[in-house]
Amino acid sequence: MTTLLQLKDVRASYDGALVLDGVSLHVDAGETVGLVGRNGAGKTTTLLSIFGVPQVTGEILVEGKALGKRGYEPAARGVSIVPQEKRIFPNLTVTENILLGGASGRRGRWTVETLFELFPNLARGKDRPGDRLSGGEQQMLAIARGLMADPKVLLLDEPTEGLAPVIIDELIDALKVIQDSGTALVLVEQHVRMVQMLASRFVALGKGRVVAEGATADLQSREVQELIAL
Amino acid sequence: MSTTAEQVPSEVPATDPAALLAPAPVGSGLDRRTVLRGLGLAVVVLVVGLFVPDVISDPTNMGIATDGVVLGILALSIGFLAHRSGLISLGHTAFYGASAYGLAIATTSWDWSPMQAIVFAVLGGTVLGLVIGAFVVRTPGVSFLVLTLAIGQALHQLVVQDSVRETTGAYDGLAVTWGADDKVAGIAQADIGNAATFWPLAWVSLVVVLVVLWLVGRSRFGRVLEAIRENEERARFSGFNTYVPRLIAFTLSSAIASLAGALFALKASFVSPDTLSFVTAGDSLIAAIVGGFATLVGPLVGGVVYIYAQSELSDSGNLQLFTGIALVVAVVFLRGGIVGAVTDGGRKLRTIVQTRKGAGR
């Protein structure tokens with residue numbers, strides 16, 4: 001299977017404090033990987049390091065070729081991110097938010113129309129400013145914007161955080177459609193149930209290192225539970 | 001990030017300016033109908049405005065109106081940058097003053113025609129904006145403000161040096177003189193100091209600037225700038241090389257400041273180091289804030305109000321005191337400046353009227 005995204009011995013620090021201490025992981029085409037671990041384990045930093053925030057040492061490869069240091073390059077190489085906070089542009093409309101996702105110039109199966117089919121709530125409020133949307137709709141909008149760049153890998157940082165269970169179910173349905181379209185996902189999640197439902201494999205981080213990895217079925221084992229203490 | 005593996009250029013490495021300037025999607029930006037309506041309104045405003053000298057017969061008031069429009073154009077350049085990019089500049093007098101000096105030097109020292117000198121001055125100020133912008137737009141927030149202030153002050157110090165007295169006149173400044181047969185928009189130099197005669201030139205320039213800023217603000221480029229202002233990091237993650245749109249905005253803004261500088265030099269027939277001074281930079285920024293830079297015409301209104309207040313209050317010796325009070329009032333009580341407050345007031349009034357109508361049914 002083709003390896004789309006690979007991190008090799010990635011180290012990063014904020015203000016001198018080491019937050020990633022040699023993280024290595026890979027994501028293959030079409031698979032979903034759950035990135036789990038306690039708060040402060042380095043999950044978000046791992047995702048952001050791909051976008052050059054913070055600057056890291058080590059290797060980050062997309063389809064075997066090194067990624068540049070500029071934050072706009074991953075989108076052009078087929079890597080999109082749905083960040084944890086400040087996901088949307090609040091003053092821009094839903095449609096404008098989605099269109100901005102196409103800035104890299106990559107075009108593929110996702111268009112504004114197909115994204116509105118995936119997220120009907122967004123279609124109903126397409127001319128509303130982003131800050132008039134509910135938390136769940138904002139999350140859907142952020143995912144739609146990420147998909148607009150036709151990513152090979154979509155990185156999702158705690159997509160269910162703060163959402164009502166009914167919205168989480170809607171989100172899971174949408175993520176399954178995205179999986180079926182062949183897009184690989186990296187899912188940073190606190191909810192084991194979510195990872196088990198969507199991912200085939202997990203990578204567990206602790207104190208900036210990979211402490212465990214394997215099939216998602218193993219997430220329930222006592223050893224893994226102790227390591228990640230979710 | 002290590003680059004031990006083969007480095008490849010990104011497939012679509014940077015933001016394409018041409019694509020950025022394309023109209024925004026229908027319903028949220030520039031559709032043909034909106035453009036035509038906007039241009040139609042601009043033509044009406046342009047024509048009506050040309051009759052202002054017929055209404056304001058008093059030369060002093062006409063002078064205030066003309067000077068207000070010139071300061072308003074400078075304030076528009078600063079307001080556009082602040083509103084669209086979130087970049088507050090204290091150095092736009094660098095382009096305003098450089099353009100004014102460029103026009104003075106081209107006409108007086110090189111004997112260029114005034115039209116050639118205007119083109120040279122505005123292009124020169126714009127290129128200066130591009131070069132300076134290439135460095136300063138990388139720095140956000142306070143660093144940007146301080147850098148622009150430093151660059152403006154550096155230019156001010158440059159023109160007052162004794163070593164360049166022959167060219168710039170140092171502290172004495174430089175007269176703008178051109179041939180008796182040469183005219184600008186049909187105006188000879190002998191008549192250009194007359195505010196009523198100069199008015200059409202200032203008014204047409206203003207309307208052109210307003211139309212350009214309106215189109216840019218509603219284009220896809222305007223939306224991109226807004227996205228970058230709101231969250232630069234997210235815009236970059238979405239695939240934008242955020243540097244390019246910022247530089248374009250800065251350069252456009254400096255071009256408008258250069259136009260204001262050229263108009264000032266033409267009208268005054270004189271340039272002095274004051275055109276590059278911190279005080280002029282502060283005046284124009286205050287005009288933009290007091291008028292309200294979140295709206296298209298706010299900085300213009302601020303410019304006219306500022307010049308009017310200056311003419312009314314300068315005799316009292318307390319102009320700076322009143323300016324300070326006006327700034328505090330605008331920042332604390334009128335969040336959107338004068339125009340923002342009027343717009344908000346109108347909106348509230350409309351809501352009250354609609355509510356009462358609904359209750360009466």
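Naming: A, B, ... by sequence-line order, numbering from 1 per chain.
Counting only residues at least two apart or in different chains, salt bridge (charged side-chain N to carboxylate O under 4.0 Å, His left out) contacts with residues 236-249 of chain B comprise B/Glu232-B/Arg236. Residues in residues 74-87 of chain B take part in these salt bridge (charged side-chain N to carboxylate O under 4.0 Å, His left out) pairs, two or more places apart or across chains: B/Arg84-B/Glu226.
In this structure, the separation between CZ on B/Arg223 and CG on A/Leu100 is 10.0 Å, given to the nearest 0.5 Å. Taking CG of A/Asn97 as the start and OG of B/Ser238 as the end, the distance is 8.5 Å to the nearest 0.5 Å. For the atom pair CD (B/Glu233) and CG (A/Leu48), the distance works out to 6.5 Å, reported to the nearest 0.5 Å. For the atom pair CG of A/Asn91 and CZ of B/Arg229, the computed distance is 6.0 Å after rounding to the nearest 0.5 Å.
Your options are A/Pro90, A/Ala12, A/Ala142, A/Gly102, and the one with the most heavy-atom pairs under 4.5 Å with chain B is A/Pro90. Between chain B and the options A/Val112, A/Val10, A/Val53, A/Asp9, the largest number of non-hydrogen pairs under 4.5 Å is found for A/Val53.
More than 12 non-hydrogen atoms from other residues, nucleotides or ligands lie less than 6.0 angstrom from CZ of A/Arg128. Atom CZ of A/Arg11 is surrounded by more than 12 heavy atoms from other residues, nucleotides or ligands within 6.0 Å. The neighbour count for B/Phe333 CZ, taken as heavy atoms of other residues, nucleotides or ligands under 6.0 Å away, does not exceed 12. Within 6.0 Å of CZ on B/Arg33 lie no more than 12 heavy atoms contributed by other residues, nucleotides or ligands.
Between B/Phe237 and A/Ala75, the shortest heavy-atom distance links the atoms O-CB, 3.7 Å. Contact between B/Arg234 and A/Glu85 at its shortest, heavy atoms only, is NH2-O, 3.0 Å.
Two residues are said to be in side-chain contact when any heavy atoms from C-beta on lie closer than 4.5 Å; A/Phe89 and B/Asn231 meet this criterion.
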